[in-house]
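A short write-up of the structure that comes next.
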Amino acid sequence: MKKAIKTIGCVLTVLLFFVGVMVYKIYDYPVHSVKFDKSKFPKITSEQQLDQLTRGLIEQMELDEKIDQLYGRKMSTALTLVGNGILFGRTPNIYAGGNERLNLPPYSFSDGPRGVRANKMRTSGDKLGVTSFPVSMARGASWDVELESKIYDVIAKEMRASGVNYTGTPTINLLRHPAWGRAQETYSEDPWLMGELGLAAVNALQHHNVMSCAKHFALNSIENSRFVVDVEVDERTLREVYLPHFKKVVQEGNVASLMSSYNKVLGEYAGNNKYLLTDILRDEWGFKGFVSSDWFYGTHDGIASIKAGLNVEMPYQKVYQLDTIKQGIKNGEISEQDIDELIFYTLRTQLKYGLSEDPMEYPDAIIATPESIALTRLTAEKSMVLLKNSKVTNSKVNNKPVLPFSKSANQTVAVIGRLADMENLGDTGSSKTTEPYVITPYEGIVAYNKKLGNKVILDNAVDINASMALAKKADQIIVVVGYTHVDEGEFLLASEKANKSAKAGKRIGEKTNGGDRESLKLLPEDEALIQALAKTNNNLVVVYVGGSAIDLSAWDRQVPAILFSWYSGMEGGNALANILYGEANPSGKLPFSIAKQESDYPYFTPYTEKITYGYYHGYTLFDKKGIEPAYPFGFGLSYTDYTYSALTVITPELTEDGTLKIQVTVTNTGKVAGEEIVQLYIGFDNSSVDRPVKLLRDFDKIMLQPGESRVVALAVAAKDMAWYNPDAKAWQIEKMTYQVYVGSSSAKTDLLTGNFTIH
Ligand code: BGC
């Protein structure tokens, strides 16, 4: 007995010792400097010099040292990642590269679509909360390129202050179908809007020498089966629909890096897809940066990935094993030059940004400043979309739109719904942020009404009869409905399970976190709540929180006002109050189309192993099939009205290297100042091949005072009207007469028309 106790004691002590060491290792996550010692390197003044420096360094490396450049560093293991999350609630930045002998520091990765993912690592374990912005889809709804630059200026600075100089953002995968779980991380269903915002992000990040890694290359628009799904696509669809925004950030933004996606493209995993990574990206587009794999499950075969052109395996060495690579060289399957070539791009890019002068210093104090917090609030205001705002008559108002709500005193305000007082910023996967605080819708509305002296009552909608009774006696009703990270987002925890379940064609076990939506409808309890409240009081607005389109056919005709507020960031509640009470005028417009019924969208299933992405989706599909959407792409209301007049095509005749120029007069005919998003679409009615009815090709967001008129100039280069001819393997500009559509949304009734000819 005594002996047994002794043995157990010994085992426990040893175990405890190991656990202690492990916890300490996790806690004591090393903080590496990513700064170059510039005194050890020549000043770089030309591309050739950069090439030479890189080649020179590679020449000095042993084969093992070269291979060491091919993966995230061993210290960034799953244990460190998960352990830090569970034990200390922090996400470490992940290192790759580096070679002490050659004075090369590692580079340091963090995600960041809505703010820096990695918490600042300090040996004390302290965390600094970062600025958390509305999700990318919200910013897509702002259609504001300048704003996106300002947002990424903040994110870039906070990254640098957090020791990060390589980031997995922006996400620029198309919203092919609204049920996609990670819709919120991207900008739009439209390649043009996506490309413009993605480019702004890349430029702002790289200005601060943060290497941007745009993701996921390519065709990653389904979540649950992302590890297995094989996406079939024809050449035209690939070139014209799914790749243009990637091409834009590569060619116009010189993006430092791309992340390959998990899925297969045309039968080959993206992480070893030579057609994507070498033929298109390097040979055709002239990409000078490096490709890293998506994490843990993004690589499958070391030799195939080397041959395909995958530069870095992240976050750690899985298929790029020393033995495999050395054996491959021995067999003649690959050569040492192949390795040289792969690491050339990574090292060259790292040197380019590492040796550039920083525009400023990045102290801790730069994180979550009053200015950046004001910017996140402004972003939330500029991205909310007012879908409906009907006139109502009740005891207080006669034939007036519900919003903005009256600012008079002695009102009873009811904020109702499961999500009304929830800190709900969206995905808790790789785009999660840790912010100093979050203002919920209820808190924002309370803070605003304090100034007015109004009573705000919170009702979490546990009992629908109680909610109805409250609505009956309230003067203003705000119903907050929608989703959380449980309903949509990155499909987590069950990665392996998801993989298997996708294979089995069904889900294993309960949905734990995120993933694609199985229905576009709101949860039944939300729909029931809206329908019940709509019967009791007409001074009501439905505020939707979520990252994509929903099917609102069951209730939208029953309610007078609908506002898409998205996952609106740490200041979302304050922004919401500002919109509801008219301190800010809504100016967001839908970055996607909302169909009347789910069957109007292209085929989608979260559990598919094979799917074809067709040429048409979103508004191009609806236009082509003559389907009327419930709410069109580019649509959003304001508290003022705008009229469009005097569309002038300044260049009615163009040559292939020319640029279409148009002008249109936009007037604010209402009583308050507002921002309008002016949209330009090109029409292809006369094409000799099958083409969309129209495509977005330029837009501008302008501020107009009441009564003010402005002449807005928009332009499109003829090359941006080309189609990809797969037989000729070339982009071709058709010589014909094109249509011009200019107006406030993609709906035909909202557009002025003109035409021009390319000779
Ligand atoms: C996601 C990427 C992300 C990476 C690192 C992956 O699971 O797909 O978008 O950058 O994790 O967090």
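For the numbers below, each heavy atom of this structure counts, side chains included, while hydrogens, waters and symmetry mates do not. For ligands, and for the atoms within them, numbers begin at 1 and follow the listed sequence.
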Which residue owns the protein heavy atom closest to atom 11 (O) of ligand 1, what's the atom, and how far is it? D294 OD1, 3.7 Å
Ion pair D516/R182, N-O distance below 4.0 Å: no
Candidates T91, D111, I94; heavy atom nearest atom 3 (C) of ligand 1 found on D111
Heavy atom of S430, distance to ligand 1 below 4.0 Å: yes
Taking heavy atoms and a distance under 4.0 Å, where does E223 meet ligand 1: side chain, backbone, both or neither? neither
Tell me whether the rings of F592 and F564 are parallel (<30°), tilted (30 to 60°) or perpendicular (>60°). tilted
Please state which part of K215 comes within less than 4.0 Å of ligand 1, counting heavy atoms only: side chain, backbone, both or neither. side chain
Would you call K274 and D279 a salt bridge, taking side-chain N to carboxylate O under 4.0 Å as the test? yes
For R182, the atoms of ligand 1 under 4.0 Å from one of its heavy atoms are 1 (C), 2 (C), 8 (O), 9 (O)
Under a heavy-atom criterion of less than 4.0 Å, does F296 contact ligand 1? no
Of all the atoms in ligand 1, which lie at a distance below 4.0 Å from a heavy atom belonging to R226? 7 (O), 8 (O)
What's the shortest heavy-atom distance between S292 and Y166, and which atoms? OG-OH, 2.9 Å
For ligand 1, which atoms, with element, lie under 4.0 Å from some heavy atom of M259? 2 (C), 10 (O)
Does K318 offer a backbone N or O that forms a donor-acceptor pair with the side chain of E313 under 3.5 Å? yes
What I want to find out is whether E490 reaches R226 closely enough, with some N-O distance under 4.0 Å, to be called a salt bridge. yes
Applying side-chain contact (heavy atoms from CB on, under 4.5 Å) between V255 and each of P170, C213, S212, report the one that passes. S212
Does H216 reach ligand 1, in the sense of a heavy atom lying below 4.0 Å from it? yes
Which ligand 1 atoms does E490 reach within 4.0 Å, using its non-hydrogen atoms? 1 (C), 6 (C), 7 (O), 8 (O)
Assess whether a salt bridge exists between R114 and E435, defined as any Lys/Arg side-chain N lying under 4.0 Å from an Asp/Glu carboxylate O. no
For ligand 1, which atoms have a heavy atom of Y262 less than 4.0 angstrom away? 6 (C), 7 (O), 8 (O)
